Protein chains: 2
Amino acid sequence: MKHTHAEENYLKAIYMLSEKQESLVSTTAMADFLHTSAASITDMIQKLHNKGLVIYRKYQGVTLTDRGKESAIKILRKYLLWEVFLVDKLKFGWSEIHEIAEQLEHIDCDTLIDRLDHFLGNPYCSPHGIVIPNADGKIIDKPRWLLTDLSEGASGIVSAIKDDSVAFLQYLGKRNIYLGAKITVIEKIQFDGSTDITIDNQYKINISRKITDNILITL
Amino acid sequence: MKHTHAEENYLKAIYMLSEKQESLVSTTAMADFLHTSAASITDMIQKLHNKGLVIYRKYQGVTLTDRGKESAIKILRKYLLWEVFLVDKLKFGWSEIHEIAEQLEHIDCDTLIDRLDHFLGNPYCSPHGIVIPNADGKIIDKPRWLLTDLSEGASGIVSAIKDDSVAFLQYLGKRNIYLGAKITVIEKIQFDGSTDITIDNQYKINISRKITDNILITL
DNA sequence: AAATTTATTTAGACAAATCTAAATAAATTT
DNA sequence: AAATTTATTTAGATTTGTCTAAATAAATTT
C-alpha cells in the first residue's frame, strides 16, 4: 500500500504517540505533535479511517489498525535508518538529523532501505537509542546496559549514546568509539571509577565514569 | 529561494532540455519529458514566469533566468550526487537509480549535500558521466578520454562508464574497477588490442578492447 | 446541576498541481 | 492562399492538504 507524505506523517505520529500511552490518541495531542490545527487533524483522521488505516471514534480519539500499524512501522524504520546514516556516515550531530530524516523517511523504494540497512551494518537502534524495526516490521527488544554496568571481561556493541552534545560526540570520534563498535571491558579501576576497554579488539584506552555512564551496550 | 517539488522538477527539466538544443524549450518537449499534459506545462510555466524563474513567450517556448538556472543546477547537483551514492555505496545498478535519485534530489538541506559530496570523495561526475556542478554551481569541464586512447605509462581516474549493462558492472566489480579508481596503462598489446593496467597501483590485470572502449578517464 | 471552559468537529475557503475538453494560434500540406 | 494538421493555451473541474471561524460536545468549575 502506498501513501502520500501527509498520510505517512500522520501514521507515524499516531504510532509514536500511542507508544507513550495506553489510551486512544487525541486530536490535540496530534495537532501539537504535527504543528498543525485540530481541524486539519480531524479531516485527515477521517480520511485515514475511511481507508481502513485507523479506527476513529468522534470525540474519543484514534488508534491504528493492523494495516496502519504495519505502514507506520515501515516509515519509522526508514526514519531511524536514515538517522543512523546521517550520524554514522555523514557525521551530523544529534540535533541536526531530525528534520532531514523526516524528509528522507518518505523516499519510496523497497530495496533502497534494505540496502541502506546492510550498508550501515544492520544497526540495532538509532543514535537516540530507539530500536529499529527489522525488514519484517518486527521490533526485537534486546536488553541493554550502561557500559558502566558491564563486568570485567564482558563485551558488547555500542548501540546508543545518552548525551547528544557536540563535545561528547567529538570525544567519541577521537577515541574511535562509534555506533556498532565492539567494546570489551578489560579492567574496572575502583579508585576513580574509570574503565580500561578495547575497541574492536584493537585500541586499548581508559575512559572515565562520565563516559561509561553515557554509552548503552547490547550483546 | 525555496521551491515545491513540482517547481524543482520543472526547473531541472528546462535546464536539461535546453542543454541539448540552442532554442527555447517547447511545451510538448516538456510534456514529453515530464510525462504530463501540455496544459499542465503551460500552467506551471506561467507561474514560474511570474516568480521570475523563467522567461516565457506564448507559443514560443521557455528559457531559464539566471535565478532559475541557479536553482536548476543545485537540483541537478543533488540528483547526481545521490546517483553516485546509490551506485558507489549501496551497489545499485545503473537502471535502478534514476527513480530513487529523482526522489532524493528534493531533500532540502544545505549542509547535507555538501557532506554527502565529501563522503563520496567529491566525485567529478555521475555514473552516467554527467559532470557534477560544484557547491558554487560551477560546472568545470575536465577533458576526458576513453581508456583505449591513453598511451603507455599514462594514468588517470575512472570517471564514467559508457555501458550500463549489469554484466559489465559485474565484470568491473569483480576486477576492482570502480568510479574514482586510479588506472595506469602498463602496456598496450598490439596483437589483440587489449591493455595491461594497474588499479590503484595495486592489482595488475589485462583487459580487452571492448572494456577499454567503455571506460572514461579524467586526469 | 448550572455555568464555564476546553476539546473537537463542521462548514466554507484557499492554494497547489493536475486533468479533460474546447478554443485558438502556428506550421504544414495541398 | 486555402485547408488541414499540429501545437499551444484557456476554461472549468478535481484532488489533496491545509486554514479560520463557527458550532457543538465533553470536561471542569463553581
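As the structure is a prediction and not an experimental result, all values here were calculated from the model. So you know, we letter chains A, B, ... as the sequences are listed, proteins then strands, and number each from 1. The analysis underlying the following values was restricted to heavy atoms, covering all of them including side chains, and did not include hydrogens, waters or symmetry mates.
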Can you check the [X] [atom1] to [N] [atom2] distance for me, whole Å?
X	N	atom1	atom2	value
A:L34	D:dT18	CG	P	8 Å
A:H35	D:dT18	NE2	P	14 Å
A:R57	C:dT9	CZ	P	13 Å
B:Q60	D:dT9	CD	C1'	13 Å
A:I41	C:dT10	CD1	C1'	16 Å
B:Q46	D:dT8	CD	P	13 Å
A:K51	D:dG17	NZ	P	7 Å
A:L48	D:dT16	CG	P	12 Å

What's the closest nucleotide to the [X] side chain, out of [options]?
X	options	value
B:A6	D:dT9, C:dA16, C:dT18	C:dT18
A:Y59	C:dC19, D:dT18, D:dT24	D:dT24
B:K47	D:dT16, D:dA11, C:dA16	C:dA16
B:S26	C:dT9, D:dT8, D:dC19	D:dT8

Across the strands shown, which category fits [X] at heavy-atom distances under 4.0 angstrom: base, sugar-phosphate, nothing?
X	result
B:S40	base
B:A38	base
A:T42	base

Problem - Charged N-O contact under 4.0 Å between B:E105 and B:R77 - result: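 Judged by the 4.0 Å cut-off on N to carboxylate O distance, B:E105 and B:R77 do not form a salt bridge.
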Exercise for the section: Please say whether the positively charged group of A:K89, taken as NZ for Lys or CZ for Arg, lies over the ring of A:F119, i.e. under 6.0 angstrom from the six-membered ring centre and within 45 degrees of the axis. Expected result: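 Pair A:K89/A:F119 counts as cation-pi.
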Looking at [X], does any N or O in its side chain come under 4.0 Å of the phosphate oxygens OP1/OP2 on [N]?
X	N	answer
A:T28	C:dA7	no
A:S37	D:dT18	no
B:T36	C:dC19	yes
B:T27	D:dT9	yes
A:Y10	D:dT18	yes
B:K58	D:dT10	yes

Using purine N1 to pyrimidine N3 plus N6-O4 or O6-N4 for Watson-Crick, or N1-O2 and O6-N3 for G-U wobble, each under 3.5 Å, what pairs with [N]?
N	answer
D:dA25	C:dT6
D:dT30	C:dA1
C:dA15	D:dT16

Exercise for the section: Mark yes or no for whether A:T218, through its side chain, and A:R144, through its backbone, hold a donor-acceptor pair below 3.5 Å. Expected result: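 Such a contact is absent between A:T218 side chain and A:R144 backbone.
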Exercise for the section: Tell me, with the steps shown, if B:Y79 and B:H106 meet side chain to side chain donor-acceptor pair (under 3.5 Å). Expected result: CA-CA 8 Å; B:Y79 172 81; B:H106 299 298; over 6 Å; no
Practice task
On DNA chain D, check which nucleotide each of B:Y56 and A:H5 is closest to and give me the residue with the more 5' one.
Solution key: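 Nearest nucleotide further toward 5': that of B:Y56.
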Handout entry: Pair A:D200, A:Y178: side-chain N/O donor-acceptor within cut-off below 3.5 Å
Key =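 Their side chains do contain a donor-acceptor pair, which is all the 3.5 Å distance test asks for.
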Problem - Pair B:H3, B:D108: side-chain N/O donor-acceptor within cut-off below 3.5 Å - result: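 B:H3 vs B:D108: no donor-acceptor pair found between side chains.
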